[in-house]
*Asks:* 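Please see the structure below; I have some questions.
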Amino acid sequence: CSSLTSINIPEGVTSIGEYAFSSCGLTDIKIPNSVTSIGDLAFYDCSSLTSVTFGDDSQLLSIGDSAFEGCSSLKSITIPSGVTSIGAEAFYCCSSLASVTFGDNSQLTSIGAEAFYCCSSLASVTFGDDSQLLSIGDSAFSSCGLTDIKIPNSVTSIGDLAFYDCSSLTSVTFGDDSQLLSIGEYAFYYCSKLTSITIPSSVTSIGTGVFGGCDSLETLEVDSGSGSECYYSKGNAIIDFSDESIQTILIAGCKNTVIPESVGRIGDSAFEGCSSLKSITIPSGVTSIGAEAFYCCSSLASVTFGDDSQLLSIGDSAFSSCGLTDIKIPNSVTSIGCSTFSGCGNLTSVTFASDSQLVSIGDSAFSSCGLTDIKIPNSVTSIGCSAFMYCEDLTRVTFGSNSRQTSIGAEAFYGCRSLNSVTFNDPNGWMAYDDLSGTGTGTACDFSSTDLSGNATKLTDTYAAKFLFRNMGTETTTLPKVH
């Protein structure tokens with residue numbers, strides 16, 4: 001009813017059904033005190049609706065899913081104190097909504113997933129005294145215009161991505177008597193103006209990447225007032241010590257973090273998106289760096305490992321898209337994950353110790369890096385697919401004597417257009433053919449040809465890696481001996 005601009009709902013009506021006024025031309029609406037429920041999509045896409053008013057004695061208990069979704073002209077709303085639940089996407093994309101108020105003694109216990117998602121003008125959300133709110137749903141306030149938020153003491157859970165991309169958010173406050181137990185994954189991701197936060201000591205669960213992309217964050221603390229059972233803060237980092245059977249894990253850091261010597265592991269996405277982080281020192285006791293730990297730290301130019309490092313593994317995409325110019329991998333490292341250094345366009349030098357224990361280099365581990373030459377440690381047995389793909393400045397690859405190499409994945413050096421020297425010293429079982437028959441009857445590869453796509457280098461008892469050096473370059477390449 002796109003022409004319906006006004007309606008008088010009489011007192012005595014107890015519910016407004018699903019889709020009741022969906023896509024109408026209403027400009028304002030007064031909800032009678034007698035209404036206890038507003039159904040799913042009741043006012044969906046009422047794009048001219050600027051005002052929704054509830055009486056002082058409203059009996060409203062619930063607002064359904066997507067009830068006011070797409071009401072792009074709605075500017076403010078005060079939720080009656082008797083409302084106990086706001087459904088998923090209830091005010092989704094109400095792009096003009098600037099303020100939401102929950103009165104004193106509010107009975108609201110849950111805010112549904114994406115309830116206020118993409119309310120880009122929403123600068124103020126006020127919870128009154130004695131709030132009963134327990135949960136803030138996944139993405140409830142994602143991409144809102146909030147500048148500050150005070151979380152009621154009663155809240156026990158903040159969902160995944162709850163405040164994701166609230167790029168104007170500068171302050172998050174928890175009460176002294178906060179009952180908060182869990183903060184979901186990426187809950188405050190890309191809150192790029194947030195400068196400090198103190199996590200209540202009551203919290204027992206903090207998700208991955210909770211402060212990723214918070215590149216203004218300078219201070220990270222856990223309230224020590226009553227003593228947390230799971231987390232503590234030191235050096236502007238949050239440390240998980242909840243499982244006594246494993247090492248302590250640094251789960252969140254910021255641009256000012258100094259990693260404590262007590263840390264045994266760096267967790268997944270711990271510094272993800274921290275574009276203002278310029279350098280970091282990894283203490284000797286750290287044994288693993290998690291997936292995406294420093295992903296997209298675009299200003300991170302220097303990573304230093306402590307003397308006698310015990311580091312064993314560097315996870316998938318751990319340093320992907322960082323600003324690194326060089327890195328020395330500790331001799332203790334046995335595995336480099338998939339895409340670990342991919343997209344590090346400034347990375348020109350990777351050094352392995354002479355006594356390196358490295359066994360595997362994952363798929364796309366160094367793809368699109370600025371490397372000019374690389375020496376693969378003797379200990380390496382496998383190089384993954386596309387491991388050095390599009391390293392366009394790479395001129396030389398050397399496999400050391402007594403190499404234990406048993407497999408190189410497809411397209412490992414694809415697009416390395418400057419590569420003119422590949423040297424296998426004491427190739428230990430390598431065979432080279434210009435066919436894929438595996439019979440050993442083909443002639444040795446001639447990489448001096450301008451068309452290399454038909455050539456193949458393979459290992460005994462493994463498939464022929466047809467695309468190892470495809471689209472490489474046209475200059476002569478040193479070949480492995482034919483056995």
Side-chain angles (χ1 to χ4, degrees), residues 1-119 121-137 140-141 144 152:
C1 295
S2 57
S3 299
L4 180 63
T5 59
S6 177
I7 192 167
N8 180 29
I9 302 175
E11 196 67 48
V13 172
T14 58
S15 65
I16 299 174
E18 296 178 1
Y19 295 96
F21 297 98
S22 180
S23 300
C24 284
L26 294 170
T27 57
D28 61 87
I29 189 80
K30 183 174 181 180
I31 309 296
N33 287 337
S34 55
V35 171
T36 60
S37 67
I38 297 175
D40 298 347
L41 299 126
F43 295 93
Y44 172 81
D45 196 32
C46 290
S47 58
S48 298
L49 186 64
T50 61
S51 173
V52 177
T53 307
F54 302 95
D56 292 339
D57 298 318
S58 174
Q59 303 301 304
L60 188 65
L61 298 175
S62 64
I63 299 173
D65 296 349
S66 300
F68 294 93
E69 179 180 344
C71 294
S72 55
S73 298
L74 186 63
K75 292 180 171 30
S76 66
I77 194 159
T78 298
I79 307 296
S81 60
V83 171
T84 60
S85 65
I86 295 176
E89 303 180 4
F91 294 89
Y92 185 100
C93 268
C94 291
S95 55
S96 297
L97 187 63
S99 68
V100 176
T101 302
F102 301 93
D104 293 342
N105 302 306
S106 172
Q107 302 302 299
L108 182 68
T109 59
S110 65
I111 298 175
E114 300 184 347
F116 295 93
Y117 180 89
C118 212
C119 292
S121 299
L122 183 57
S124 173
V125 174
T126 304
F127 298 98
D129 294 336
D130 299 318
S131 172
Q132 302 300 306
L133 185 64
L134 297 176
S135 64
I136 299 173
F141 293 97
C144 284

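What you see is a predicted model; the values in this text were computed from it and never measured.
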*Asks:* Taking Q107's backbone N and O only, do any of them form a donor-acceptor pair with T84's side chain (distance below 3.5 Å, no angle check)?
*Replies:* no

*Asks:* I need the minimum non-hydrogen distance between S47 and S73, along with the two atoms involved.
*Replies:* O-OG, 2.6 Å

*Asks:* How close do S95 and S121 get, heavy atom to heavy atom, and via which atoms?
*Replies:* O-OG, 2.7 Å

*Asks:* Measure the spacing between OG1 of T126 and CG of D104 and express it to the nearest 0.5 Å.
*Replies:* 10.5 Å

*Asks:* Would you give the length of the straight line joining atom CG of L49 to atom OG of S72, rounded to the nearest 0.5 angstrom?
*Replies:* 9.5 Å

*Asks:* May I ask you to test the L122-F91 pair for a side-chain heavy-atom distance under 4.5 Å?
*Replies:* no

*Asks:* Name all residues meeting the ring-ring contact (aromatic ring centres under 6.0 Å, His included) criterion together with F127; count only those two or more places apart in sequence or in a different chain, and write none if there are none.
*Replies:* F102

*Asks:* Apply side chain to side chain donor-acceptor pair (under 3.5 Å) to E69 and list each qualifying residue two or more places apart in sequence or on a separate chain.
*Replies:* S66

*Asks:* List the atom pairs, donor and acceptor, that lie under 3.5 Å between side-chain atoms in residues 55-65 and the rest of the protein, sequence neighbours left out.
*Replies:*
residue	atom	partner	partner atom	Å
S58	OG	L60	N	3.2
Q59	NE2	D57	O	2.7
D65	OD1	A88	N	2.9

*Asks:* Would you list the pairs meeting side-chain hydrogen bond (donor to acceptor under 3.5 Å, both in side chains) in which at least one residue belongs to residues 25-35, sequence neighbours left out?
*Replies:* E11-S34

*Asks:* Could you pull out all residues at least two apart from F43 that satisfy ring-ring contact (aromatic ring centres under 6.0 Å, His included)?
*Replies:* F21, F68

*Asks:* In the structure I gave you, are the side-chain heavy atoms of I16 and I9 within less than 4.5 Å of one another anywhere?
*Replies:* yes

*Asks:* If I take atom SG from residue C119 and atom CD from residue E114, how far apart are they, to the nearest 0.5 angstrom?
*Replies:* 11.0 Å

*Asks:* Might you point out which heavy atoms bring I86 and A115 nearest each other, and give the distance in Å?
*Replies:* CG2-CB, 4.3 Å

*Asks:* Quick one: pull up CG in L74 and OG1 in T50 and give me the separation to the nearest 0.5 Å.
*Replies:* 7.5 Å

*Asks:* With sequence neighbours excluded, what pairs up with S99 under the side chain to side chain contact (heavy atoms under 4.5 Å, CB included) test?
*Replies:* S76, S124

